[in-house]
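Just so you know, ligand 1 is whichever comes first in the structure, and atom 1 is the first atom listed for that ligand. Since the model is a prediction, treat every value here as computed from it, not as a measurement.
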Amino acid sequence: MKMNKIIVANLKMNILSKTERDQYLELFQKELAGKKIKNCEIVLCPPAIHLEGFEKAKIKKTKIGAQNMFWEEKGSYTGEISPLMLKNFGCEYVIVGHSERRRYFCERDEEINFKIISALKNRLMPIICVGESKVEKDSGQTLKIISQQVKNALEKISRTKAENIIIAYEPIWSVGTDVIPTENEIMEAKVLIRKILSGLFGVKYAEKVKIIYGGSVSSLNVDQVCLKPGLDGVLVGRESLTPHEFIKIAEIIN
Ligand code: 13P
């Protein structure tokens with residue numbers, strides 16, 4: 001089975017004004033024009049306040065995603081954003097369980113699981129982030145951590161949802177550091193994740209889940225972190241703030 005690759009831009013808490021947003025979108029459109037990126041899905045995940053602006057820009061061949069959501073659909077939850085809102089504002093994807101949310105907002109596996117269940121129920125594709133810290137890596141716990149996080153994230157989720165799930169292996173020590181894992185380390189993580197998925201969903205359904213890599217991805221290393229280990233795409237942080245660089249990554253993967 002041949003799946004389209006997926007290139008996700010996590011713009012994080014950047015793009016500080018409407019003017020900056022419009023400049024970004026204009027540049028993005030300009031950079032994308034005339035490029036033949038047929039075998040990739042491009043997903044832009046701006047801060048929630050810009051979702052409407054990104055949606056209105058209707059950039060061809062790109063989809064919109066959110067960086068986070070709450071699991072309840074509506075009600076007295078001050079400051080939260082519901083999956084229904086995301087859907088109604090044109091989102092098709094949502095990043096869930098990013099290490100920055102686990103770290104700064106104390107998100108735990110249980111809450112991440114609630115969010116994934118709710119996203120799927122509301123027809124949003126969750127991009128589930130898993131990965132170990134430097135301390136965990138150095139003490140040989142990488143595979144244990146990945147295994148726990150994947151299993152906990154997917155608890156009570158039916159295998160019929162497999163094709164709507166994306167797992168991003170994003171080692172915390174690689175986020176924002178320009179240090180990347182070896183091809184072998186990524187292969188190992190991929191094989192483990194696929195094995196866990198097979199245990200949960202059965203081999204046939206497990207293969208439908210996309211596994212991507214995140215952490216210091218650039219056009220210079222995309223071969224090592226995605227193509228060589230045979231992953232289904234990448235989750236890009238800093239380099240997504242420069243449309244030229246981001247689209248270069250998409251072109252290489254394509
Ligand atoms: P960087 O690409 O800036 O390391 O960020 C990765 C990331 O956190 C994407 O979700």
Side-chain angles (χ1 to χ4, degrees), residues 5-16 24 28 40-48 50-51 54 62-69 86 91-107 112 115-116 119 124-134 136-137 142 145-146 149-150 153 165-182 185-186 189-190 193 210-227 229 231-253:
K5 302 262 190 238
I6 181 165
I7 326 288
V8 186
N10 179 4
L11 294 159
K12 305 198 181 182
M13 200 172 72
N14 297 295
I15 307 183
L16 301 185
Y24 180 89
F28 199 96
C40 286
E41 179 111 314
I42 294 177
V43 182
L44 300 180
C45 303
H50 291 313
L51 284 171
F54 270 62
T62 65
K63 301 276 168 69
I64 308 293
Q67 296 175 13
N68 179 37
M69 57 167 247
L86 294 181
C91 280
E92 293 182 47
Y93 293 83
V94 60
I95 298 172
V96 181
H98 191 280
S99 58
E100 285 151 12
R101 296 216 53 90
R102 293 180 194 254
R103 177 172 173 199
Y104 300 118
F105 304 96
C106 308
E107 281 193 16
I112 290 162
K115 290 183 181 195
I116 296 164
L124 289 161
M125 308 220 329
I127 300 163
I128 306 163
C129 300
V130 300
E132 78 287 2
S133 68
K134 177 83 170 71
E136 288 160 347
K137 175 180 164 59
T142 299
I145 296 292
I146 296 175
Q149 289 181 350
V150 172
I165 294 170
I166 297 152
I167 296 191
Y169 171 53
E170 203 170 66
I172 302 171
W173 50 270
S174 176
V175 173
T177 59
D178 287 328
V179 183
I180 50 165
T182 62
E185 285 171 328
I186 298 180
K190 175 185 120 166
I193 294 170
K210 283 191 167 79
I211 302 176
I212 66 177
Y213 170 81
S216 297
V217 177
S218 77
S219 59
L220 299 176
N221 63 30
V222 64
D223 191 42
Q224 176 178 333
V225 299
C226 175
L227 297 178
L231 294 202
D232 302 308
V234 284
L235 175 54
V236 186
R238 284 159 297 159
E239 294 292 286
S240 68
L241 292 168
T242 315
H244 178 75
E245 282 306 312
F246 181 73
I247 290 163
K248 203 148 111 191
I249 294 171
E251 280 188 289
I252 296 172
I253 290 186

- Can you find an N or O of G237 that's nearer than 3.5 Å to an N or O of ligand 1? yes
- Message: Tell me the nearest of R238, E170, E239 to atom 7 (C) of ligand 1, using heavy-atom distances.
- Response: E170
- Item | Sub-4.5 Å side-chain heavy-atom contact between W173 and S133 | no
- Shortest non-hydrogen contact between Y213 and P171, atoms and distance: CE1-CD, 3.6 Å
- Query: Which atoms from ligand 1 have a heavy atom of G176 less than 4.0 Å away?
  - Reply: 1 (P), 4 (O)
- Query: Are the side chains of H244 and F28 in touch, meaning some heavy atoms are under 4.5 Å apart?
  - Reply: no
- Task: Report yes if V236 has an N/O atom closer than 3.5 Å to an N/O atom of ligand 1; otherwise report no.
- Result: no
- Test of proximity, H98 against ligand 1: N or O pairs below 3.5 Å: yes
- Message: Heavy-atom distances under 4.0 Å decide this one: backbone, side chain, both or neither, for V175 against ligand 1?
- Response: both
- For S216, counting its heavy atoms only, list the atoms of ligand 1 lying under 4.0 Å from any of them. 1 (P), 2 (O), 4 (O)
- Taking only heavy atoms of K12, which atoms of ligand 1 are found under 4.0 Å from at least one of them? 5 (O), 6 (C), 7 (C), 8 (O)
- Heavy-atom closest pair (V130 atom, I146 atom, distance to 0.1 Å) is CG2-CG2, 4.4 Å
- Identify the heavy atoms of C40 and A250 that sit nearest to each other, and give their distance. SG-O, 4.0 Å
- Message: Side chains of E136 and T142 only: does a donor on one sit below 3.5 Å from an acceptor on the other?
- Response: no
